[in-house]
**Q** 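Below are the structure tokens for one structure; questions will follow.
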Amino acid sequence: MLHNTLGVPCRADRLMVALNDEQLVSALRRHQSDLVLLGGCSNVVLPRRLRRPVCLVSTRGIDIRRDGDRFLVTAKAGENWHGLVKRTLGQGLFGLENLALIPGSVGAAPIQNIGAYGVELAQRTESVRVFDRIEREVKRLAPEQCRFGYRTSMFKSHPGRYAILDVTLCLDRSARPVLDYPDVQRELRRLGWPDPSPRQVAEVVVRVRRRKLPDPRLWGNVGSFFKNPVVAANEAERIARSVPGLVRHAFGSGVKLAAAQLIDLCGWKGYRAGAVGVWHRQPLVLVNRGRASGDDFLALARTLRESVLERFRVPLELEPTVVSDSGAV
Ligand code: EPU
């Protein structure tokens, strides 16, 4: 059985563990595109059975070096993300504080360009070292080559092609906290910290996340199940006419809406459908209420999607990666 934060049963017929890059690259060469790579399994929806070979990426190591005023931190793909955030903060290196407590591994972070409370991984990425499964060689990619976007990247748009070996981040010693996010500001006021240090920002983010998001050890979940939709400005106008207080953020040439609000307005918050449910404090999060399968989650996601599409004519896109037993990841 494969441990995953959604808490769904998944049996892997052939499971291997890569403890270093050599083992990982050799598994990739042996199995080509058939091999399923998994890290922290915190953003995947798994099937009941995987006949395809599975490799758990458990490579470890964090290297920190000075480069003039900045510090370059290289972490292996199998490192735990929050562990890396804590380690860098502990060394007085700043930049990752808003990304505290995001579940998962370092290797998964660039795939969806993790982001929270006004900061995205892309802003701190110096390079990503990958094994290209088509050209069958190790490459170091610059941030532009990774084509990071909102919860997406080239790794996500070419599923299965790139195996991430390590990520190099650029951090510094000067504290420039990003505090624009309303939830963060509210918590800072509550704590009476008008001018927080980066460690205090991380503490605030941890508190906000713990309050809003269900603990996957108690309620299986993958964080947001949908991305926030980006619509054309005139579409946002149309929806705003019937929804006073519609949450809207300018995004490129379009407008980003809050999927949580749209799902909430359709009345799904706290909804329960047997083994799965919609989290009562954040309807973007679907939770395992006991013995749910990946298909149960996908069925509930389909229901919510259809409901939002019917009421607002806005299609929602899934945020986690759905792993199937056929084809590439
Ligand atoms: N809202 C409601 N009803 C609710 C909850 C929220 O109407 O019950 C509205 C609120 O008005 C709020 C808006 O929805 O302004 C957005 O909610 P929130 O601030 O909680 O953030 P989000 O857009 O739902 C995103 C990320 C989260 C990240 C938070 C904080 C995505 C898909 N999700 O959520 O990331 O932690 O912002 O930055 O972008 C994840 O990716 O797994 C994840 C948890």
Side-chain angles (χ1 to χ4, degrees), residues 5 40 42-43 62 64 70-71 73 75 79-106 109 112-125 150-151 169-225 228 245-250 256-261 263-264 269-270 278-287 319:
T5 64
S42 59
N43 203 43
I62 297 175
I64 301 179
R70 28 180 239 159
F71 288 79
V73 178
E79 284 287 341
N80 172 268
W81 174 261
H82 184 60
L84 174 67
V85 174
K86 283 197 295 196
R87 170 89 180 269
T88 55
L89 281 171
Q91 304 257 337
L93 299 178
F94 308 134
L96 302 183
E97 48 280 3
N98 294 44
L99 304 178
L101 211 66
I102 295 184
S105 62
V106 166
Q112 54 149 346
N113 180 21
I114 57 170
Y117 309 105
V119 174
E120 279 184 351
L121 182 80
Q123 292 162 258
R124 291 290 177 173
T125 302
Y150 163 60
R151 292 298 194 277
L169 303 169
C170 177
L171 304 181
D172 50 60
R173 287 219 188 272
S174 57
R176 271 169 283 141
V178 177
L179 308 173
D180 330 316
Y181 210 87
D183 277 351
V184 169
Q185 288 177 0
R186 223 168 302 155
E187 190 65 26
L188 286 170
R189 273 198 300 275
R190 200 194 320 250
L191 291 165
W193 293 347
D195 187 17
S197 68
R199 280 192 203 95
Q200 286 176 319
V201 175
E203 166 73 26
V204 161
V205 166
V206 165
R207 282 169 185 253
V208 172
R209 288 188 79 91
R210 288 222 167 104
R211 198 167 40 237
K212 271 198 143 174
L213 301 169
D215 180 346
R217 286 168 303 186
L218 305 176
W219 301 92
N221 75 87
V222 288
S224 305
F225 215 89
N228 286 323
L246 182 74
V247 177
R248 286 186 273 181
H249 299 283
K256 195 196 265 182
L257 306 178
Q261 185 183 35
I263 296 169
D264 196 358
K269 197 153 137 181
V278 179
W279 190 239
H280 59 288
R281 288 205 198 108
Q282 170 45 294
L284 206 46
V285 180
L286 307 188
V287 292
E319 198 272 344

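Computed from a prediction, not measured in an experiment: that's the story for all the values here.
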**Q** Check the pair V208, Y181 against side chain to side chain contact (heavy atoms under 4.5 Å, CB included), reporting the backbone distance first and the verdict last.
**A** CA-CA 11 Å; V208 172; Y181 210 87; over 6 Å; no

**Q** When you measure from the side chain of N98 to the backbone of V178, do you find a donor-acceptor pair of N or O atoms at a distance under 3.5 Å?
**A**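 Confirmed, N98 side chain pairs with V178 backbone.
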
**Q** If I compare all heavy atoms of G115 with all of I102, which pair ends up nearest, and what's the gap?
**A**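 Heavy-atom minimum between the residues: O-CD1, 4.2 Å.
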
**Q** Show me, pair by pair, the donor-acceptor contacts under 3.5 angstrom made by side chains of residues 82-91, not counting sequence neighbours?
**A**
| unit_1 | atom_1 | unit_2 | atom_2 | d |
| --- | --- | --- | --- | --- |
| H82 | ND1 | L101 | N | 2.7 |
| T88 | OG1 | L84 | O | 3.2 |
| T88 | OG1 | V85 | O | 2.9 |

**Q** Quickly, which of L213, V278, V222 forms a side chain to side chain contact (heavy atoms under 4.5 Å, CB included) with V285? Name it, please.
**A**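 The passing option is L213.
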
**Q** Using the side chain to side chain contact (heavy atoms under 4.5 Å, CB included) criterion, which residues pair with R281? Sequence neighbours excluded.
**A**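 By the side chain to side chain contact (heavy atoms under 4.5 Å, CB included) rule, R281 matches W279.
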
**Q** Show the nearest heavy-atom pair for residues G245 and Q261, with the distance to one decimal.
**A**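 Here G245 and Q261 meet closest at O-NE2, 2.9 Å.
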
**Q** Assess whether atom CZ of R217 is packed by more than 12 heavy atoms of other residues, nucleotides or ligands within 6.0 Å.
**A**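 No, CZ of R217 has 12 or fewer neighbouring heavy atoms, counting only those of other groups under 6.0 Å.
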
**Q** Test of understanding: with side chain to side chain contact (heavy atoms under 4.5 Å, CB included), list the residues that count as partners of E203, not counting sequence neighbours.
**A**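 Only W193, R207 meet the side chain to side chain contact (heavy atoms under 4.5 Å, CB included) criterion with E203.
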
**Q** Walk me through whether L179 and V201 qualify under side chain to side chain contact (heavy atoms under 4.5 Å, CB included).
**A** CA-CA 8 Å; L179 308 173; V201 175; 3.8 Å; yes

**Q** Salt-bridge test for R199 and E97: reply yes if a basic N is under 4.0 Å from a carboxylate O, no otherwise.
**A**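 Between E97 and R199 there is no salt bridge, as every charged N stays at least 4.0 Å from the carboxylate O atoms.
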
**Q** Quick one: pull up NZ in K212 and CD in Q282 and give me the separation to the nearest 0.5 Å.
**A**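 One finds 5.5 Å between NZ of K212 and CD of Q282.
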
**Q** According to side chain to side chain donor-acceptor pair (under 3.5 Å), does anything in residues 113-125 pair up with another residue at least two apart or in another chain? List the pairs.
**A**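 Residue pairs passing side chain to side chain donor-acceptor pair (under 3.5 Å), neighbours aside: N113-E120, R124-D172.
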
**Q** Which residues satisfy the salt bridge (Lys or Arg N to Asp or Glu O under 4.0 Å) test with R210, sequence neighbours excluded?
**A**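 Partners of R210 by the salt bridge (Lys or Arg N to Asp or Glu O under 4.0 Å) criterion come out as none, since no residue qualifies.
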
**Q** Working to the nearest 0.5 Å, report the span between CG of L99 and CD1 of I114.
**A**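 The CG atom of L99 sits 5.0 Å away from the CD1 atom of I114.
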
**Q** Where do D180 and Q185 come nearest, in terms of heavy atoms and distance?
**A**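 That closest heavy-atom pairing would be O-NE2, 3.3 Å.
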
**Q** May I ask you to establish whether R173 and F71 are in a cation-pi arrangement, using a distance under 6.0 Å from NZ or CZ to the six-membered ring centre and at most 45° from the ring axis?
**A**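 Judged by the rule, R173 and F71 form a cation-pi pair.
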
**Q** Identify the heavy atoms of P177 and P196 that sit nearest to each other, and give their distance.
**A**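 Result for this residue pair: CG-O, 3.8 Å.
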
**Q** If you look at every heavy atom in P103 and R209, which pair is closest and at what distance?
**A**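 For P103 versus R209, the nearest heavy atoms are CD-NH2, 4.1 Å.
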
**Q** Identify the two heavy atoms, one from G104 and one from S42, that lie closest to each other, and give their separation to 0.1 Å.
**A**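 Nearest heavy atoms, G104 then S42: CA-OG, 3.1 Å.
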
**Q** Do I263 and L284 come within less than 4.5 Å of each other through their side chains, counting heavy atoms only?
**A**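 Yes, their side chains come closer than 4.5 Å.
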
**Q** My understanding is that only one of L286, T5, V287 makes a side chain to side chain contact (heavy atoms under 4.5 Å, CB included) with N221; could you say which?
**A**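 Exactly one option meets the side chain to side chain contact (heavy atoms under 4.5 Å, CB included) with N221, and it is V287.
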
**Q** State the CD1-CG distance between I64 and L171, to the nearest 0.5 angstrom.
**A**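 Going from CD1 on I64 over to CG on L171, the span is 8.0 Å.
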
**Q** Please examine the side chains of K256 and V247, heavy atoms only from C-beta on, and report whether any two atoms are closer than 4.5 Å.
**A**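 SC-SC contact between V247 and K256 ruled out.
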
**Q** Using side chain to side chain contact (heavy atoms under 4.5 Å, CB included), reason through L121 and W81 one step at a time and then give a plain yes or no.
**A** CA-CA 11 Å; L121 182 80; W81 174 261; 3.4 Å; yes

**Q** Please identify each residue that fulfils side chain to side chain contact (heavy atoms under 4.5 Å, CB included) with R70, with sequence neighbours left out.
**A**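 If we apply the side chain to side chain contact (heavy atoms under 4.5 Å, CB included) test to R70, skipping adjacent residues, the hits are D67, L72, E126, C170.
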
**Q** Would you give the length of the straight line joining atom NZ of K269 to atom CG of D264, rounded to the nearest 0.5 angstrom?
**A**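 These two atoms lie 4.0 Å from each other.
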
